[in-house]
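Step one of this worksheet: look at the structure below.
Computed from a prediction, not measured in an experiment: that's the story for all the values here. A note on names: the letters A, B, ... follow the listed sequences, proteins ahead of strands, and every chain is numbered from 1.
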6 protein chains.
Amino acid sequence: MFKCEVDEHIYLAITEMRHAEALYNVIAENRDHIGQFLMFARTQTPEDTKSFVQTSLNKFSAGTDVPTCIWYDKQLIGSIGLHISEAHRSASIGYWISKEYEGRGIVTKCCEAMIDYAFRELKLNRVEIRAINENLRSRAIPERLGFKHEGTFRQDVKLYDQFADSIVYGLLAEEWRSGN
Amino acid sequence: MFKCEVDEHIYLAITEMRHAEALYNVIAENRDHIGQFLMFARTQTPEDTKSFVQTSLNKFSAGTDVPTCIWYDKQLIGSIGLHISEAHRSASIGYWISKEYEGRGIVTKCCEAMIDYAFRELKLNRVEIRAINENLRSRAIPERLGFKHEGTFRQDVKLYDQFADSIVYGLLAEEWRSGN
Amino acid sequence: MFKCEVDEHIYLAITEMRHAEALYNVIAENRDHIGQFLMFARTQTPEDTKSFVQTSLNKFSAGTDVPTCIWYDKQLIGSIGLHISEAHRSASIGYWISKEYEGRGIVTKCCEAMIDYAFRELKLNRVEIRAINENLRSRAIPERLGFKHEGTFRQDVKLYDQFADSIVYGLLAEEWRSGN
Amino acid sequence: MFKCEVDEHIYLAITEMRHAEALYNVIAENRDHIGQFLMFARTQTPEDTKSFVQTSLNKFSAGTDVPTCIWYDKQLIGSIGLHISEAHRSASIGYWISKEYEGRGIVTKCCEAMIDYAFRELKLNRVEIRAINENLRSRAIPERLGFKHEGTFRQDVKLYDQFADSIVYGLLAEEWRSGN
Amino acid sequence: MFKCEVDEHIYLAITEMRHAEALYNVIAENRDHIGQFLMFARTQTPEDTKSFVQTSLNKFSAGTDVPTCIWYDKQLIGSIGLHISEAHRSASIGYWISKEYEGRGIVTKCCEAMIDYAFRELKLNRVEIRAINENLRSRAIPERLGFKHEGTFRQDVKLYDQFADSIVYGLLAEEWRSGN
Amino acid sequence: MFKCEVDEHIYLAITEMRHAEALYNVIAENRDHIGQFLMFARTQTPEDTKSFVQTSLNKFSAGTDVPTCIWYDKQLIGSIGLHISEAHRSASIGYWISKEYEGRGIVTKCCEAMIDYAFRELKLNRVEIRAINENLRSRAIPERLGFKHEGTFRQDVKLYDQFADSIVYGLLAEEWRSGN
């Protein structure tokens with residue numbers, strides 16, 4: 001398979017249509033968990049997942065996104081993607097993981113692999129991660145990886161019937177190189 | 001014409017293809033001025049302007065952008081646009097003006113009109129303005145209008161052969177209502 | 001809002017997706033009235049209105065149409081649109097209005113504004129209005145505005161299970177200028 | 001070939017890309033002749049002809065046009081097309097022919113074949129032909145075929161730097177049936 | 001109509017949307033017969049037929065296919081199409097016919113007309129016919145017409161829940177010319 | 001990177017736009033070598049390579065192709081792709097390699113990886129390889145890998161101003177499993 005190995009258990013693979021069923025199943029089993037901060041999970045149908053995969057593939061084809069699934073011992077357990085601004089040589093990373101696999105540092109490792117890909121292969125200059133203020137697990141990842149807290153956007157995300165603040169973290173190529 | 005009146009001299013009008021020539025002329029006369037913080041201005045050709053206008057109209061048609069030109073006594077003197085995130089009920093504003101008309105508070109007035117449009121007509125919840133750190137004239141506008149400085153993105157913009165920081169300002173509907 | 005003021009009560013505004021609901025409501029309340037000469041009104045669903053608005057916006061974006069709604073004291077009460085032939089510097093006007101607002105000269109005033117826009121702003125050379133032979137109210141408008149009856153197209157419109165004749169009226173820029 | 005036989009010398013065939021070169025050659029040899037009333041002929045390049053053929057094929061595929069070339073003894077000598085309004089069960093016919101083949105009644109015969117196709121095969125209700133007022137040869141055809149002169153559109157066509165009037169002729173299915 | 005005459009009873013006509021209903025009816029009446037070797041026939045709905053016709057028209061417009069229906073005494077009784085590779089000057093032919101009209105040599109005659117069209121009009125160099133190994137009726141046609149058996153593709157076609165072998169037959173322009 | 005490891009020196013990676021320059025360079029350095037049996041190589045411009053990469057990515061996004069480059073010690077040295085027929089659970093493989101790396105069994109190894117991917121991951125049933133009759137190096141690969149020679153297509157490929165025969169080789173999933 002076309003994949004990026006993270007460790008002996010984990011790899012990332014470009015999300016393809018043949019993964020749509022497995023992807024849907026993880027979302028369906030984690031509706032409340034993922035849905036706490038990502039509204040799509042609550043109502044996602046198998047058709048929605050297929051549409052999402054097709055849209056993601058189109059963005060990969062256009063060179064603006066690198067959409068991947070996280071695989072652990074050949075089981076699809078989550079998603080991590082890179083969204084690229086070629087003009088500004090920057091990218092942002094987004095991710096979620098099945099509740100069952102939380103707390104083992106898997107997403108942190110996957111982010112490291114993505115950051116490496118962004119800085120060393122794609123030669124980008126900046127990587128950004130955004131998280132909803134209350135999503136402490138999500139925020140812990142950029143903090144652990146040495147990102148700098150660069151801003152707090154007030155009411156920047158509509159989450160169900162409320163507005164939430166989002167925290168923006170940034171990391172520069174020069175920081176990654178020096179820190180690794 | 002289909003316009004939004006700002007004061008007795010100034011109005012905003014949806015940018016249409018028949019404005020492309022006038023728009024190009026203002027850009028061409030202000031290459032260095034606009035180009036200091038917006039790279040497109042330095043190399044813009046009449047064909048580029050037409051492509052830009054068509055892309056803007058397509059975004060207006062898709063409901064994600066409200067691209068307008070600033071007219072002063074029936075002269076096209078600048079540009080101001082709204083970029084909308086329907087899902088999050090938020091928008092960002094971008095603008096530039098001919099050097100000759102700077103310093104008279106025109107952009108500030110146009111921003112007020114756009115903010116009013118965003119909050120009162122479109123019923124949005126948040127408006128954002130981003131400016132390059134060194135662009136003090138541009139930064140003065142959200143500061144003057146009561147926006148809150150919410151973050152500083154390091155090296156977030158590629159400007160010619162360098163990276164510049166950008167400053168993000170946010171304003172909430174509840175603040176605008178109370179302040180007006 | 002981006003509008004063309006007609007008088008202190010009336011303005012025209014480019015039809016946007018956020019107007020679709022109000023537009024649908026006027027159509028639904030006027031199914032028989034509008035539907036007498038415009039078949040779409042009889043069966044229009046809210047989804048049809050949205051499709052129509054999107055198609056209209058795409059035509060605006062392509063520069064071939066200027067689709068607007070008629071607003072009276074901030075109430076959407078009808079529709080008037082311009083269809084442009086750039087190659088021949090000509091345009092045609094189509095319109096309908098809620099039964100409740102008929103008989104007050106509103107459509108005539110709106111047509112005047114559109115004709116002014118066509119001749120003075122868009123610099124067109126000819127404006128055309130077509131009406132079904134039996135639609136006397138509709139025909140009265142170009143007659144009142146000095147259009148010339150240029151032809152009668154036999155069975156040119158399929159109206160439900162019958163064919164109707166349409167009357168074509170034309171007005172030239174030179175006539176509008178001299179007459180105003 | 002896929003054709004509609006008109007007489008032992010003449011047939012009409014759907015215009016395909018492989019006819020583009022022959023089509024261009026006839027246009028190029030008749031620039032002044034065709035160009036008198038059809039502006040495209042004066043400046044047409046081989047690339048323009050290919051674009052035109054592709055656009056015509058797309059319209060055929062969409063069911064709105066039946067674009068054909070006129071062939072005489074296996075020589076491409078002109079063009080005749082049907083533009084269909086499915087909603088109103090009507091169509092219009094347009095045509096031109098090489099100067100060399102004028103005056104032999106060829107276009108009249110081809111129109112008859114097209115009208116027959118429109119009324120008997122497509123079951124349309126109305127066929128329309130428009131001609132520029134000064135184009136007496138073109139006008140003679142609907143007159144000869146029993147069309148009724150239904151209107152004169154003033155300055156309805158921009159021809160180079162002038163505006164020309166166009167004459168509209170109409171024919172109904174019931175008239176064709178009774179007359180043939 | 002735009003057709004290719006095969007004999008006094010039979011002609012081929014480009015498949016148009018207005019033929020979709022007749023085409024669907026033949027398929028529906030022949031579900032088992034056609035469906036034995038062509039899976040689409042078993043489940044085809046009227047909407048499927050319309051989609052198929054539109055796709056075929058788009059391919060005709062792109063110049064890669066010549067999709068036709070077989071008409072016998074003005075009755076649609078089958079389908080025959082040419083799929084063209086411009087780059088290699090070659091084409092393949094596919095066909096099916098209503099059970100009722102089988103055994104009269106109709107498809108063989110239609111194939112001859114298509115081959116003639118391919119070699120003499122389109123100036124192609126090679127025509128190919130593929131048939132499922134067990135489809136003896138279909139295989140008889142290229143064999144009768146002098147095609148050479150060029151290969152047997154093992155399990156190359158998925159037919160319901162099994163894989164079938166297909167036989168490939170080829171004919172060269174030089175062979176057709178010499179043989180006719 | 002997202003890759004499929006073949007051995008310690010070789011991997012395959014989905015062809016992305018950022019590889020276009022390296023890909024062009026290998027083609028340009030091997031115009032005569034690759035061009036002997038693949039016409040594109042002789043005239044390929046950097047723009048052609050970009051178009052090819054974009055088309056390939058679009059096919060990957062549509063799920064019909066897996067276009068990859070062959071990398072040897074981080075050097076792009078060739079290309080290998082899978083073209084998939086989902087309906088028939090089959091695929092074909094195409095490839096070329098820089099002259100400098102020929103004769104080391106690299107393409108054979110890459111084909112094995114692709115075949116494994118096709119049968120084990122994509123669960124396909126049949127893999128096909130076609131080669132021009134005279135291209136003995138290319139033909140040696142399926143022969144070495146146990147494919148069966150299933151047919152010889154006469155004059156099936158236009159190569160410059162001549163027609164060449166192509167040889168078709170097939171391999172079934174059951175054969176691969178038993179043989180490995």
Review point. Does anything in residues 156-168 of chain C get under 4.5 Å of chain D by heavy atoms, and if so which residues?
Key: C:Asp156, C:Val157, C:Lys158, C:Phe163, C:Val168

Revision key, fill the gap. Against chain C, residues from residues 86-110 of chain D with at least one heavy atom under 4.5 Å, in numeric order, are D:Ala87, D:His88, D:Arg89

Check your understanding: Can you tell if the side chain of D:Leu172 reaches within under 4.5 Å of the side chain of C:Gln155, non-hydrogen atoms only?
Key -> yes

Point to revise | Listed partners of C:His83 passing ring-ring contact (aromatic ring centres under 6.0 Å, His included), at least two apart | key: none

Revision key, fill the gap. Turns out that what part of D:Arg154 lies under 4.5 Å from chain C's heavy atoms comes down to both

Exercise for review: Could you list which of residues 47-62 of chain D have a heavy atom closer than 4.5 Å to any heavy atom of chain C, in residue-number order?
Suggested key: none

Point to revise | D:Glu134, CD: over 12 other non-hydrogen atoms inside 6.0 angstrom | key: yes

